[in-house]
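Here's the structure, in structure tokens; my notes come after.
So that the names make sense, note that chain A is the first sequence line, chain B the second, and so on, each numbered from 1. Given the structure is predicted, the values throughout are model-derived calculations rather than measurements. Computed over heavy atoms, backbone and side chain alike; hydrogens, waters and symmetry mates excluded.
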2 protein chains.
Amino acid sequence: MVSSSSTARAPRRDAADNRAALLEAARTLLNQDPDASLEAIATAAGLSRRSVYGHFANRDDLLRELLASGAERVAGAMAGVTHPDPVVRLALIASHLWQEVEDVRVMALFAVRGPLRVHTAAALEPLRTSVFRAIREAQASGQIRTDIPARRLAHLVEAAALAVLEESAEHPMDAHEGHSLVILMALATIGFGWREAAQFITDNGLDAAS
Amino acid sequence: MVSSSSTARAPRRDAADNRAALLEAARTLLNQDPDASLEAIATAAGLSRRSVYGHFANRDDLLRELLASGAERVAGAMAGVTHPDPVVRLALIASHLWQEVEDVRVMALFAVRGPLRVHTAAALEPLRTSVFRAIREAQASGQIRTDIPARRLAHLVEAAALAVLEESAEHPMDAHEGHSLVILMALATIGFGWREAAQFITDNGLDAAS
DNA sequence: AATATCTTGCACAGCGTTGTGCAAGATAAG
DNA sequence: CTTATCTTGCACAACGCTGTGCAAGATATT
């Protein structure tokens, strides 16, 4: 199906560009207002609303593609995180997460909380699983709190990260501050006291994360 | 204007009942779907959509009244919280908060996060202020973390409480578990380690909060 | 029983949006 | 240059919702 059997001509290259421009515009606009209209998105991309339907079947299709690719990008960035200590692993995940999401905070919240979170769930599944595994492992070795079941704790860690995102969306926060906050809140959630957390961060060089 | 000067008759008493029924129905329905239509709300209240406009000028009016009264109820429940130790005060606030909001969790999230949060801000202001004051006081006396500015920390504590609400909305959680979680997460956010927090809770009888 | 008050149903306008059909125009590929 | 591909503008239908006007009906109050 890729190279058609008939004598069809190759698709125009600018079409692909426009498609990309639409996604990029959507990324930007939806990050300001998750309910931005197609009209607004198309205009921002330098196209007409009508043309959008030449690239995507409908609004949902655009959103789906945007969110799915975003979720995969985020999940992909976590793939390289491997560390023997499960707590360090968690902190590294938090750190990378922030870096990936920092410039799309509002849309990230929308992607995970909004009505379309169904479309990102699949791509984020491995990430959630590795968080859960790290927590279970850390509980087993007595490194973190055991008064909350692992599943629940995993959700709460995720919620803590989202809470920082939200806070950063409402009250200006530079990238560096957000980065450390995400880690601090994750550690706090799993049971670390604040001095303990600070010690842990310096001990493991997490404050100078690349 | 209360008792009209003309020979007007007193308003019918069932009208007030219907108005109350509308608010109650709205409270229930909006707790399931914050975008529930007036049609749905009116029907649930045993009235027609048309009648709603006999009691409220428009949709926003209904919402405003509902949210404002809810916010005041919540804020009012915190008024009685006075304790010399600011950390205990924070924990008590968290505890009472849960009890007030437990049966309206989804709508509470909507009221604080949604587009109508403007209408609840005023009523919740004293509550937010007392959280901020408690945190500042506790920081001054070295009881809690000082690596995060008081304002920011206050926001994060609020976010932590909301995170528990959200978690409870998505993954079933009985009232008791939610109650302790809210306190635990608040303490975690202000810098307590999990054992320290547990100790603190038993020491102050917070696990048996009325 | 008289009457003001409240409810109802229906019709209608308005809103902002999405999705389509179609014909004409612009443009990259061959 | 020719042609298939892409874009555009306009018109139109549809959707679900809010808000109103009006006349008729039900009901509490007096």
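- No side-chain donor from either of B:Glu65 and B:Ser69 sits under 3.5 Å from a side-chain acceptor of the other.
- Taking every side-chain heavy atom of A:Ser51 into account, D:dT8 is the closest of D:dT30, D:dT8, D:dT3.
- Taking the six-membered ring for Trp and thresholds of 30 and 60 degrees, A:Phe192 and A:Phe200 have ring planes more than 60 degrees apart, a perpendicular arrangement.
- Looking at B:Leu184 and B:Ile201, their side chains come closer than 4.5 Å, going by heavy atoms from C-beta outward.
- Nucleotide C:dA4 holds its C1' atom 17 Å from the CZ atom of B:Arg13, rounded to whole Å.
- In this structure, CG of B:Leu22 is placed 12 Å from C1' of C:dT7, rounded to the nearest angstrom.
- As a whole-Å value, the separation of A:Leu47 CG from C:dA26 P is 16 Å.
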Subject >> nucleotides 13-22 of chain D: protein proximity per nucleotide (B base, S sugar-phosphate only, - neither; heavy atom, under 4.0 Å) >> reply: -----BBBBB

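- One finds a side-chain N or O of B:His55 lying less than 4.0 angstrom from the OP1 or OP2 phosphate oxygen of C:dT7.
- For B:Asp14, taking side-chain heavy atoms from C-beta onward, the closest of the listed nucleotides D:dA28, D:dT29, D:dT3 is D:dA28.
- By the 4.5 Å heavy-atom criterion applied to side chains, B:Arg27 and B:Leu66 are counted as neighbours.
- Comparing B:Pro11 and A:Ala15 against DNA chain D, the residue whose closest nucleotide sits nearer the 5' end is A:Ala15.
- Look at A:Asn18 and you won't find any side-chain N or O under 4.0 angstrom from OP1 or OP2 of D:dC6.
- A donor-acceptor contact under 3.5 angstrom links the side-chain atoms of B:Arg9 to the base of D:dT29.
- When rounded to the nearest whole Å, the span between CZ of B:Arg12 and P of C:dT5 equals 10 Å.
- Residues A:Leu156 and B:Leu181 meet the side-chain proximity criterion, which asks for heavy atoms closer than 4.5 Å.
- Residue B:Glu167 holds its CD atom at 10.0 Å from CE of B:Met185, rounded to the nearest 0.5 Å.
- With C:dA28, D:dG9, C:dA2 as the choices, the nucleotide that has an atom nearest any side-chain atom of A:Ser48 turns out to be D:dG9.
- The shortest distance between side-chain heavy atoms of B:Glu177 and A:Arg152 falls below 4.5 Å.
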